[in-house]
Amino acid sequence: MVGKEELRRRLMRIDGRGYKAYREIEGDYDFGDFRLSIDHVQSDPFAPPSLVRVRVPQGVAGFPTVLFATRPRRVALADYLTREFGRLSRMVAHRRGTGFGGLIAIAPCGQEILERTAVVINEDYVEARISVGLPARGRTVLGREAEAMFFEEIPALVAGALVYARLDAAAVARHVETAEDQHDLRRQMASAGLVAFVADGAILPRESGVSDRPMPSERAVAFVSPPELATEFVLPNRGRITGMGIPAGVTLIVGGGYHGKSTLLRAIERGVYDHIPGDGREFVLTVEDAVKIRAEDGRAVTGVDISGFINNLPDGQDTRAFSTASASGSTSQAANIAEALEVGTSLLLIDEDTSATNFMVRDARMQRLVAKEREPITPFIDRVRQLYEERGVSTILVVGGSGDYFDVADRVIMMENYRPRDVTATAREIARALGADRQQEVTGPLTGPAERVVIPGCWRLGERDKVKARDLYEIVFGKETIDLSYVEQLVDPGQTRAIAVILRRLGAYADGRRSLREVLEAIMEEVARRGLDAIAGRQGEHPGQLALPRRYEIAAAINRYRNLRVKQRR
Ligand code: ADP
Ligand code: MG
């Protein structure tokens, strides 16, 4: 490592030269209070910005150990620092010259508190991984402008965002303690037999269809639990909390259109993640292995056992190993369920708005008209209880359209003007009074899904092939594009990047013997043991832009890869 004055000298030396000369500033510099590492210099002003790290020793940073003593606390503190660095950098940095010149940025964060690689904190130091747009006029190095960035702006950001004494200690504590409470509550929910919890006072609706921020409080109706489902917990930091507990089993959310059913389910979907203070959904929590299921016609399906739901297809295909380049609404929904079960889930979340109607139910009249032998689909209504009773897999289901579901539900929650009511007793009475005209279509036990072994060859890349994430919903894998638009629990572009990194290495995990589930377990185990950083390795990925995905979203990407090859283990 050399002193910071050496960086100044180098910048003056290359001032006015061609952009490539910036390569000469790669290296580590001692800035006294912190170390600056210029790891990778961009190739031109329009290329992705340069990769820089700033590391502040704890002697200077001064974070109390208690703030990062446990994993949930460490993740939340790093998340807070990432946000704070981002907020300040948007104030401090400004355009300089062409292209990305002048940019100083850190991974952007949404409403979820996620394990990220943008900031690392431990006993010895706190480190931020940032992107810096090295300034140029045309393609000519602007050494003095770069000097201002490295000697004024970055030190100001380091001092403002990475030194504990300069932060709002109460806000830091709130962030860390809220996350800790969320973890503790999920643990308590498990022992209480709940699959989801929605706190009284929670704000579920969002600002708009394109914003994940809370709806302003003057418009939003705060959540209040129906008395029948009211539950109380005591949290380590916040103390007593009350709300609606949804026990394991089959739960319906019913109610008129526009009364808030989907909004409630969406909040529950996101409840697998922790949320920042002020989000409104901090205490809307769901078991971590919950999977949103929807129809997704057009997706590819490879060797999936969907025979629990689909049989006797007109093309004669064996649905115990179903493959298609373009699934229908019902077969895609069946595949989504089978794939979730294959990886292991204890809660399915389904909204009629995004389901295939014929997959959900076949009513009495339709049963009369279309003989069972001519209908490949065993509707979900006839499997949902078996899923729970034989597999322990619960379902929370939004249905405004079919009262036939009353027969299979453990409880029915009705949304009325955005307020939930427990209408289980009334729904039972109605079911009894009107009787059930439709026939149960299930004849056998729920078999499958068969475990699949991933054939490693299909993950081999050509010399020139790239793997990269594009925004939130797309991964380019060589010549293929993996479309994740309907993977609704993918929430952060950093997760998508991490999945791309994992896919690039999938050939190493998938040895042709391990099942998909075992492959995912191996990946998650390595990430837990070595950290998210380790999986990035030296693959040219910005080490600071990853966020931890769940195994379900990794599986979703693998399953949507159109060149996927598998064999079933029977
Ligand atoms: P449904 O699924 O029952 O048809 P939605 O959940 O889609 O209804 O909600 C309809 C509209 O009401 C949406 O614009 C949503 O933002 C708004 N909304 C939902 N819940 C609330 C609430 N608690 N307070 C205020 N507005 C809400
Ligand atoms: Mg809806």
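Every number for a ligand or one of its atoms is a count from 1 in the order of the listing. The basis for the numbers below is simple: all heavy atoms, side chains too, and nothing from hydrogens, waters or symmetry mates. Predicted model only: the values in this text are computed from it and were never measured.
- Between Asp483 and Arg562 no salt bridge is recorded (no basic side-chain N to carboxylate O distance below 4.0 Å).
- Donor-acceptor pairing under 3.5 Å is recorded for the side chains of Gln111 and Asp279.
- The Mg ion (ligand 2) has an N, O or S atom of Asp353 inside 2.8 Å of it.
- The Mg ion (ligand 2) has Ser262 among its coordinating residues (N/O/S atom, backbone or side chain, under 2.8 Å).
- The contact set between ligand 1 and Met215, taken as ligand atoms under 4.0 Å from a residue heavy atom, comprises 16 (O), 25 (C), 26 (N).
- Centroid-to-centroid, the aromatic rings of Tyr561 and Phe477 come within less than 6.0 Å.
- Less than 4.0 angstrom separates some heavy atom of Arg219 from each of these atoms of ligand 1: 25 (C).
- Given atom 24 (N) of ligand 1, the protein heavy atom at minimum distance is Val221 N, 2.8 Å.
- Of the polar atoms of Tyr258, at least one N or O is found under 3.5 Å from an N or O of ligand 1, judged by distance alone.
- A centroid separation of less than 6.0 Å is found between the aromatic rings of Phe197 and Phe233.
- For atom 7 (O) of ligand 1, the nearest protein heavy atom (residue, atom name, distance) is Ser262 CB, 4.0 Å.
- Salt bridge annotation for Asp422-Arg411: absent, with no cationic side-chain nitrogen under 4.0 angstrom from a carboxylate oxygen.
- Remark: minimum distance from atom 5 (P) of ligand 1 to any protein heavy atom is reached at Thr263 OG1, 3.5 Å.
- Ser89 places a side-chain N or O within 3.5 Å of a backbone atom of Phe85 that can act as its donor or acceptor partner.
- Near Ala220, with a cut-off below 4.0 Å to any heavy atom, the atoms of ligand 1 are 24 (N), 25 (C).
- Among protein heavy atoms, atom 12 (O) of ligand 1 sits closest to Tyr418 OH, 3.1 Å.
- A donor-acceptor contact closer than 3.5 angstrom is absent between the side chains of Arg299 and Asn559.
- Contact annotation: Gly255 has no heavy atom less than 4.0 Å from any atom of ligand 1.
- Between Arg206 and ligand 1, a contact under 3.5 Å exists for no N or O pair.
- Close approach to Gly257 involves these atoms of ligand 1, each under 4.0 Å from a residue heavy atom: 4 (O).
- Contacts with ligand 1 closer than 4.0 Å are made by side-chain heavy atoms of Pro205 only, the backbone lying farther away.
- Ion pairing between Glu228 and Arg421 fails under the 4.0 Å rule for side-chain N and carboxylate O.
- Listed by number with element, the atoms of ligand 1 under 4.0 angstrom from any heavy atom of Gly256 are 3 (O).
- In this structure, atom 8 (O) of ligand 1 lies nearest to the protein heavy atom Gly260 N, 3.2 Å.
- You'll find the side chain of Arg281 stays beyond 4.5 Å of the side chain of Ile203, heavy atoms only.
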* side-chain hydrogen bond (donor to acceptor under 3.5 Å, both in side chains) between Asp351 and Ser262: does it pass, once the steps are laid out? -> CA-CA 7 Å; Asp351 192 330; Ser262 296; 2.6 Å; yes
